[in-house]
Amino acid sequence: MTVRTRFAPSPTGYLHVGGARTALFSWLYARKHGGQFVLRIEDTDLERSTAESVNAILEGMTWMGLDYDEGPIFQTDRFERYNEIIQQLLDDGHAYKCYCSKDRLDELRETQMANKVKPRYDGHCLKNKAEDADAPHVIRFRNPVGGDVVVNDLIRGKIAFSNDELDDLIIRRTDGSPTYNLTVVVDDMDMNITHVIRGDDHLNNAPRQVNILKALAAEPPIYAHVPMILGDDGSRLSKRHGAVSVMQYREEGFLPEALLNYLVRLGWSNGDQEIFSIDEMTSLFDIDDVNKAPSSFNTEKLEWLNQHYIKEADPEHIANLLAPHLGKLGIDPTQGPDLIKVVEAQQERANTLVEMADISTFFYEDYKEFDEKAAKKNLRPVAAEAMKKIREALAGIETWSEDAIHSAIDDVAAALEVKMGKVAQPLRVAVVGRAASPGIDITLFLVGQEACLRRIDRALAYIEVRANETAS
RNA sequence: GUCCCGUUCAUCUAGAGGCCUAGGAUAUCGCCCUUUCACGGCGAGUACAGGGGUUCGACUCCCCUACGGGACGCCA
């Protein structure tokens, strides 16, 4: 048996991390077993499905590298097939027409809730024949009465549901469109899906689907309901928790490999291992090892992984990804030092590409103003002498190189009989405008001789103003 | 309310009856390295929801309670 899994999102929004993880698990499972992975768009809700959402989902899948062997298959293209099955169900007595108004159903629901019972359809139209068979109606699946339905779940084991808890669900709306529980069953059956891996918000749908499958004399697939992802506060993940859209993580400077690695470890583990390449995930992943309990999304750990992958990546690759982020800050990285060199200098210092762009602007343009704290601490009148000396030394360098810069700083420190830090730190603030930067040599080198001298002059002017202020 | 699922450090998790004085990772806090910030190294604190069983022995098995989540749509 060839393993066939699917990811079946409804196009009513962007691809969020919960869906992305489900997709990842399904994808990994198919890849691990040399099977196929199908992408199916569940767009039967004509009102809420949008083309933008379809694009957003496709874009997210592509960015994450979750390629599919079949699809995207759109359910709206398969209405004919669903109707065929519905007719079959009707003919076999497994379904019936229901003419109940929404008002009646709402009322029914309310009374049931008030009586503290589970809201269910009361089978009114099964007992009473309508006078006009062609009047507007929906079609309901006739759920078996009595007995249990057993859902065999790879993650949770056998779960029994009493048929009496289930009601006769609508499989076709008044407008003629089929509903989720019907389409999912027909598709999984037609597409020979062997393993249905999905969020456990679908766990309660499973028994209904098994019943429909039985009515169709079809074998149910193997189910695996993965627990949901919660926000960092333990509540259901929502926009309120920050980025939940996969594409937003890209915008915020995350690498897909970091997100993938983070997601695979959410609810799944392989001993103590934290870092997984795609190949490792593929070979090690197993549904059996997925946890039953829901987990909370923790951005800090994602950031750690992101930093890890930024650190490990090829600088050129990072440079390509970083360029657009610099662009957003109004910087053209082709005008200035080699971006790859900048990346090499910053690689260990950023959690995200956005952060890296932010701490790299001074390589390309003069800072707007000094970081107040850093200036206050380092650009003091006592630093003026060293600053002047170092300016002179730097100005005298003929071939601008890290070595030459290093020697210049060394010499000044030696001449003044102070530690290197006494010279380097004020110099750093003078050149980059803030307290932190990569090593002083590489920083000055990449900033360039001319810009360095210009900025040192600016710092000296700042110190002078300050000295006068203190004096008066 | 009814049904379903779940519960190990703040967070992600290891743990398949004795290996557990419960391990790792992130975060936090120290120390070291150091020209800053990072990186790296070393170290610290923090958890088996509670109560009953079963057993020579329970984080591991069973039951109850509490808490959390999900479902109850002419949404998926």
How far, in whole Å, is rC42(B) from rC33(B) if one measures between their C1' atoms?
11 Å
Residue pair Gln347(A) / Met356(A): nearest heavy atoms and the distance that separates them:
CA-CE, 3.9 Å
With a 3.5 angstrom cut-off on both distances, give the Watson-Crick or G-U wobble partner of rG45(B), or none if there isn't one.
none
Go ahead and name the base partner of rU11(B); Watson-Crick or wobble counts if both distances stay under 3.5 Å, otherwise write none.
rA25(B)
Under 3.5 Å donor-acceptor pair, Arg156(A) side-chain atoms to rC5(B) base atoms
no
Atom-to-atom span, CG of Leu108(A) to C1' of rG73(B) - whole angstrom:
13 Å
For rU8(B) and rG68(B), measure between their P atoms and round to the nearest Å.
15 Å
Does Ser437(A) reach a base, just sugar-phosphate, or nothing at all? Heavy atoms under 4.0 Å.
base
For Thr183(A), which contact category applies under a 4.0 Å heavy-atom criterion: base, sugar-phosphate, or nothing?
nothing
I'd like the P distance from rC74(B) over to rC63(B), given in whole Å.
35 Å
So what does Pro119(A) hit on the nucleic acid, given a heavy-atom distance under 4.0 Å: a base, only sugar-phosphate, or nothing?
base
Would you measure the distance from the C1' atom in rG1(B) across to the matching atom in rC12(B) and give it in whole Å?
34 Å
So does Glu385(A) pair up with Lys389(A), basic N to acidic O under 4.0 Å?
yes
Using atom C1' of each nucleotide, how far apart are rG40(B) and rU34(B) to the nearest Å?
11 Å
What distance, rounded to whole Å, do you find between the two C1' atoms, one in rG18(B) and one in rA25(B)?
27 Å
Choosing from rG6(B), rG40(B), rG23(B), which nucleotide comes nearest the side chain of Asp272(A)?
rG23(B)
If you check the Lys292(A) side chain, which of rG1(B), rG6(B), rU13(B) turns out closest?
rG6(B)
By the Watson-Crick or G-U definition, both distances under 3.5 Å, rC33(B) is matched with none
Is there a donor N/O on one and an acceptor N/O on the other, under 3.5 Å, for the side chain of Lys301(A) and the base of rC12(B)?
yes
By the 4.0 Å heavy-atom rule, please label Thr174(A) as base, sugar-phosphate, or nothing.
base
State plainly whether the residues Arg6(A) and Asp187(A) are in salt-bridge range, i.e. N to O under 4.0 Å.
no
Is a salt bridge present between Arg208(A) and Asp167(A), judged by a nitrogen-to-oxygen distance below 4.0 Å?
yes
In the structure shown, which nucleotide is the Watson-Crick or G-U wobble counterpart of rU55(B), with both distances under 3.5 Å?
none
Identify the nucleotide, in any strand shown, that forms a Watson-Crick or G-U wobble pair with rG73(B), with both distances under 3.5 Å; if there is none, say none.
none
Salt-bridge criterion met for Asp153(A) and Lys292(A) (N-O under 4.0 Å):
no
